[in-house]
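Please read the structure below before turning to the comments.
None of the values given here were measured: they were computed from a predicted structure. Values below: every heavy atom of this structure, side chains too, minus hydrogens, waters and symmetry copies.
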Amino acid sequence: MTENTKTENSEKKSKKKHSITRKILLTTTVFLVIILLVPMHASAADVNVSMNGKGMNTLQIIETLTVVAMLPSILIMMSCFTRIVIVLSFLRNALGLQNTPPNQVMIAISLMLSLFIMSPVVSKINTQAYQPYKESKITQQEFFHKASAPLKEFMLKNTKKEDLNLFRNLGKVKSSVKPQNLSITVVTPAFMSSELKRAFIIGFLLYIPFLIIDMIVSSTLMSMGMVMLPPNMVSLPFKLLLFILVNGWDLLFKALVTSFNL
C-alpha cells in the first residue's frame, strides 16, 4: 500500500509540474505575441524615428540592430582575436594552471591586444566609411562595401595561399579572379583556417620548454623513488620561475603583435 501511495504522489507531483510548465509557456507565448503585434501596428504607418534631427526608417533601425548583434561574431571571424585567445589558452595549459589567469582576464587581454593590432584598420573604416555615412554622403550599401574593404585587406595579408586556394576551389571561383576581388564569404573562412593553424603552431612552440621541465622533474622523481609525489606539483614552481625570468608576458605579446601583417 505504501508503494502505491508513493507512486500516486509522484504522479500527482509530475502532473502538477507539467501543468505549471504549460501555464508558463502559454503566458510567455502570449507576452511575445503582444510584443510582436504592437510594433506591427505601429509600423503600419510610415514611422520615422528622429536621431540628431535626421529621420531614420524602421528598416534601417532593424539593420543596425542586426549589425550590432553580429559584432561578436565579426570580432571572432574577421580580426586577430581568435589567434590571441587560443595562444593564451595554450600558455595556461602548458604552465599547468587550471584557472589562472581566469577566462575573463584572458578575454580582456585578447580584446585589448586585438584593438591595439586592429587600430589601423579601425581608423581606415572610420575615415573611409563611417564619417561619410554619418554626414549622409554615402548610402548604407556603400557604407558596408567601404567598411568591408579594409577588413578584407587585413584578412588577405594574413591568409595563407593554400587556404585561400582551398576555399576558392570549394566555392568554384575561377582562378583568374584576383584575391582583392574575391567575395568576403570566401576570404573569411580561409582567414579563420589560417589563424587556427598559426595559433596551434605557436601553442606547440610554447609547450616545448615546459614539457622539457616536466620530463626532467618526472625523471628525477622516479630516480629518487618518489613515485607517489605528483610531478606537476614540483614542476609548476620551476615553470613559473622560468616564465618570470625570461619575461614571458612581454615576449609573448611582442611575438603576437609582430606575427600579424598590417
Side-chain angles (χ1 to χ4, degrees), residues 67-126 147-171 179-180 182-212 239-240 242-244 246-262:
V67 170
V68 170
M70 289 184 68
L71 278 177
S73 60
I74 292 170
L75 176 68
I76 294 170
M77 291 188 298
M78 300 181 183
S79 69
C80 54
F81 178 81
T82 303
R83 189 193 301 186
I84 295 169
V85 74
I86 290 174
V87 170
L88 290 178
S89 63
F90 270 118
L91 175 66
R92 186 172 65 179
N93 292 327
L95 286 170
L97 302 170
Q98 295 181 354
N99 295 316
T100 305
N103 293 326
Q104 293 85 356
V105 176
M106 290 176 62
I107 292 170
I109 293 169
S110 303
L111 281 173
M112 295 307 295
L113 285 176
S114 300
L115 289 174
F116 179 76
I117 295 167
M118 299 289 292
S119 57
V121 180
V122 174
S123 63
K124 285 183 182 179
I125 294 171
N126 186 22
S148 62
L151 284 173
K152 188 192 290 186
E153 183 182 359
F154 171 77
M155 288 190 289
L156 286 172
K157 286 181 179 179
N158 294 279
T159 303
K160 295 182 178 180
K161 290 183 180 179
E162 54 268 22
D163 295 327
L164 192 62
N165 292 326
L166 172 65
F167 285 95
R168 188 199 289 264
N169 295 326
L170 290 174
Q180 293 80 11
L182 289 172
S183 175
I184 200 164
T185 57
V186 178
V187 177
T188 302
F191 171 73
M192 289 183 66
S193 62
S194 297
E195 288 294 293
L196 289 172
K197 288 179 182 178
R198 289 191 176 99
F200 275 73
I201 290 169
I202 297 170
F204 171 73
L205 295 174
L206 282 173
Y207 257 95
I208 292 174
F210 302 115
L211 180 62
I212 293 170
K239 291 179 185 178
L240 293 174
L242 175 65
F243 191 70
I244 292 167
V246 299
N247 202 1
W249 288 115
D250 291 341
L251 290 175
L252 181 63
F253 292 159
K254 182 180 178 181
L256 285 172
V257 172
T258 55
S259 64
F260 290 95
N261 297 319
L262 298 175

Problem set entry | N126 side chain to V122 backbone, donor-acceptor under 3.5 Å | no

Seminar exercise, completed: For K152 and L182 the tightest heavy-atom approach is NZ-O, 2.8 Å

Exercise. So, F200 versus F90, ring centres under 6.0 angstrom or not?
Worked result: yes

For this session: Kindly give the heavy-atom pair with the smallest separation between L205 and P209, and that separation in Å.
Result: O-CD, 3.5 Å

Exercise. For P102 and R92, which heavy atoms make the closest approach, and how far apart are they?
Worked result: C-NH1, 4.0 Å

Problem set entry | For R83 against I202, the heavy-atom pair lying closest together | CD-CD1, 4.3 Å

Problem set entry | K197, NZ: over 12 other non-hydrogen atoms inside 6.0 angstrom | yes

For this session: Give the C-alpha distance, both sets of side-chain angles, the deciding distance and a yes or no for side chain to side chain contact (heavy atoms under 4.5 Å, CB included) between W249 and L91.
Result: CA-CA 10 Å; W249 288 115; L91 175 66; 3.8 Å; yes

Exercise. Would a 4.5 Å heavy-atom cut-off, applied to side chains only, mark T188 and F167 as touching?
Worked result: no

Exercise. Is the count of non-hydrogen atoms from other residues, nucleotides or ligands lying under 6.0 Å from F116 atom CZ greater than 12?
Worked result: no

Exercise. Looking at C80 and M118, what are the two nearest heavy atoms and their distance?
Worked result: SG-CG, 3.9 Å

Problem set entry | Side-chain (N261) to main-chain (N158) donor-acceptor, under 3.5 angstrom | no

Exercise. What's the spacing between L206 CG and I201 CD1 if we round to 0.5 Å?
Worked result: 12.5 Å

Exercise. Below 4.5 Å, heavy atoms only, C-beta onward: do L151 and I125 meet side chain to side chain?
Worked result: yes

For this session: Measure across I184 and M155 and return the closest heavy-atom pair with its distance rounded to 0.1 Å.
Result: CG1-CE, 4.0 Å

Exercise. Counting N and O atoms only, with roles assigned by atom type, does the side chain of S194 sit under 3.5 Å from a partner on the main chain of K160, one being a donor and the other an acceptor?
Worked result: yes

Exercise. What distance separates L88 CG from L113 CG, expressed to the nearest 0.5 Å?
Worked result: 7.5 Å

Problem set entry | Point-to-point distance, once rounded to the nearest 0.5 Å, from CG of L156 to CZ of F191 | 10.0 Å

Exercise. Does the side chain of F81 reach to within under 4.5 Å of the side chain of I117, using non-hydrogen atoms?
Worked result: no

Problem set entry | Minimum side-chain heavy-atom gap L240-L97 below 4.5 Å | yes

For this session: Rounded to the nearest 0.5 Å, what's the gap from CG on L242 to NZ on K239? Could you check?
Result: 10.5 Å

Exercise. Atom CG in N165, atom NZ in K161: separation rounded to 0.5 Å?
Worked result: 8.5 Å

For this session: Start with the C-alpha gap between T100 and L95, add the side-chain angles, then the distance that decides, and say whether side chain to side chain contact (heavy atoms under 4.5 Å, CB included) holds.
Result: CA-CA 10 Å; T100 305; L95 286 170; over 6 Å; no

For this session: Taking the side chain as every heavy atom from C-beta outward, state whether I76 and V85 have any pair of such atoms under 4.5 Å apart.
Result: no

Exercise. F260 vs F154 aromatic rings, parallel, tilted or perpendicular, using cut-offs 30° and 60°?
Worked result: parallel

For this session: For the pair S114 and I84, evaluate side chain to side chain contact (heavy atoms under 4.5 Å, CB included) and give the outcome as yes or no after the intermediate values.
Result: CA-CA 8 Å; S114 300; I84 295 169; 3.9 Å; yes

Exercise. Is K124 atom NZ crowded by more than 12 heavy atoms from other residues, nucleotides or ligands, each under 6.0 Å away?
Worked result: no

Problem set entry | Gap separating the CZ atom of R198 from the OG atom of S193, nearest 0.5 angstrom | 9.5 Å

Problem set entry | Minimum side-chain heavy-atom gap E195-I86 below 4.5 Å | no

